[in-house]
Amino acid sequence: MTHLVYFLGAGPGDPELLTLRAERLLRECRVVYVPPLYGQTFGELLTDKELFIPFEYYFADLIAMLKEQLTKGPVAFLVPGDMTFFSPFQALVDALGDQAVVVPGVGTANAASALLKKTLDRPGVCSRTVLTSPRTLGEVPGAPSMRELAAPGVTLLIYMNNLPFAELVDQLRQGYGKDVPIAVAHRVGLPEEEILLATLDSILDKVGSRDFFNLDNTDRRPALTLLLVGESLMAEADSSWWDYRRDHIWKSREKS
Ligand SMILES: C[S@@+](CC[C@H](N)C(=O)[O-])C[C@H]1O[C@@H](n2cnc3c(N)ncnc32)[C@H](O)[C@@H]1O
């Protein structure tokens with residue numbers, strides 16, 4: 001029998017954000033690859049498992065271990081957030097081919113939007129959302145800067161910030177050309193969860209000397225901090241849209 005490797009979107013850290021499907025598959029696997037943080041927060045679901053930290057192994061060794069483990073049963077990987085954005089597991093999924101199954105989860109962006117109680121698009125206010133990272137932009141010659149991505153009508157989701165915060169805020173202020181809301185979503189879904197909501201002109205005072213991005217730390221690992229920027233974060237929804245849609249869109253669908 002061919003067993004499978006499940007890449008389970010594990011959400012930002014809170015096990016309650018695991019989907020029912022991911023939880024069921026996790027229970028079926030005895031061997032689980034777990035980033036260190038998830039080893040702590042998912043403790044109760046991992047008690048009877050054989051645990052491995054994926055980032056401790058070279059790629060070829062990892063594939064060899066997986067092939068051996070798959071002769072005995074299915075294997076699970078807990079994927080931080082969800083595979084959709086900035087996931088390091090793509091090469092493994094590609095190498096495993098049909099033996100890999102990707103299970104969607106709650107991305108950090110979804111969990112942060114829920115904390116803010118805001119949809120990140122807003123008719124008439126925000127027409128596009130850009131998910132980006134100054135870290136990955138820096139790896140592509142000719143890629144736009146954060147200043148070029150920031151513009152009125154854009155909601156920016158900024159992962160893995162590696163720029164000094166004052167420099168990033170300055171670039172965003174230039175790009176938007178006005179003061180717009182910004183949220184610092186730190187350790188979302190974890191016991192130390194914190195969300196700071198301010199504007200580009202006031203966020204530096206609010207953050208003070210705190211290093212939300214691990215920039216002062218020698219290991220320079222990306223911090224568990226997501227930035228959200230744009231008018232949609234504080235815009236009030238126009239309730240007349242509801243009745244307009246009821247009359248022109250939803251009502252006609254009901255009949256068809
Ligand atoms: C390699 S990316 C992984 C993103 C993940 N695939 C997702 O869907 O959320 C890591 C970055 O995601 C963001 N992030 C991940 N977990 C987070 C959390 N619990 N709270 C806030 N930001 C988080 C941070 O910007 C961090 O630097």
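All values reported here derive from a predicted model rather than from experimental measurement. Both ligands and their constituent atoms are indexed starting at 1 by order of listing.
The distance criterion of under 3.5 Å between nitrogen or oxygen atoms is not met by Leu190 with respect to ligand 1. Between Val188 and ligand 1, at least one N/O pair is under 3.5 Å apart. At least one N or O atom of Met160 sits closer than 3.5 Å to an N or O atom of ligand 1.
Taken from OH in Tyr244 to CH2 in Trp250, the straight-line distance is 12.0 Å, to the nearest 0.5 Å. Interatomic distance, CG of Leu196 versus CD1 of Ile182, reported as 10.0 Å (0.5 Å rounding).
Side chains of Tyr38 and Leu51 form no contact here, defined as non-hydrogen atoms less than 4.5 Å apart. Contact annotation: the side chain of Thr132 approaches that of Leu156 to within less than 4.5 Å [non-hydrogen atoms, C-beta and beyond].
With a 4.0 Å heavy-atom cut-off, ligand 1 is reached by no atom of Met83. In Ala223, the part holding a heavy atom less than 4.0 Å from any atom of ligand 1 is the backbone.
Interface of Ala185 with ligand 1, defined as ligand atoms under 4.0 Å from a residue heavy atom, comprises 21 (C). Remark: ligand 1 atoms within the under-4.0 Å shell around heavy atoms of Thr225 are 21 (C), 22 (N), 24 (C), 25 (O). Atom numbering of ligand 1 starts at 1 in the shown order; those under 4.0 Å from a heavy atom of Gly81 are 7 (C), 8 (O), 9 (O). For ligand 1, the atoms lying closer than 4.0 Å to a non-hydrogen atom of Gly107 are 8 (O). Atoms of ligand 1 lying under 4.0 Å from any heavy atom of Leu226, numbered from 1 in the order shown and given with element: 21 (C), 22 (N). Listed by number with element, the atoms of ligand 1 under 4.0 Å from a non-hydrogen atom of Pro12 are 19 (N).
Salt bridge status for Arg210 with Glu194: present, with a side-chain N to carboxylate O gap under 4.0 Å. Of the charged side-chain nitrogens involved, at least one lies within less than 4.0 Å of a carboxylate oxygen, so that Glu231 and Lys178 count as a salt-bridged pair. Remark: Arg187 engages Glu192 in a salt bridge, criterion side-chain N to carboxylate O under 4.0 Å. We find that Arg27 and Glu23 are joined by a salt bridge, their nearest charged nitrogen and carboxylate oxygen being less than 4.0 Å apart.
At the top of the distance list for atom 21 (C) of ligand 1, counting protein heavy atoms only, stands Leu224 O, 3.2 Å. The nearest protein atom to atom 6 (N) of ligand 1, hydrogens excluded, is given as Phe85 O, 2.7 Å; this is a heavy-atom distance. Nearest protein neighbour of atom 8 (O) of ligand 1, counting heavy atoms only, is Asp82 N, 3.1 Å. Counting protein heavy atoms only, atom 13 (C) of ligand 1 is closest to Tyr159 CD2, 3.9 Å. Nearest protein heavy-atom neighbour of atom 1 (C) of ligand 1: Phe86 O, 3.0 Å.
Comparing heavy-atom distances from atom 14 (N) of ligand 1 across Leu131, Thr108, Asn161 singles out Thr108 as nearest.
Look at Pro80 and you'll find a heavy atom under 4.0 Å from some atom of ligand 1.
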Checklist entry - Hey, mind stepping through Glu28 and Arg24 against salt bridge (charged side-chain N to carboxylate O under 4.0 Å, His left out) and telling me if it holds? => result CA-CA 7 Å; Glu28 287 174 15; Arg24 174 176 59 78; 3.5 Å; yes
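Donor-acceptor pairing under 3.5 Å is lacking for the side chains of Gln171 and Tyr176. Thr108 and Asn110 form no side-chain donor-acceptor contact under 3.5 Å, judged by distance and modelled atom types alone.
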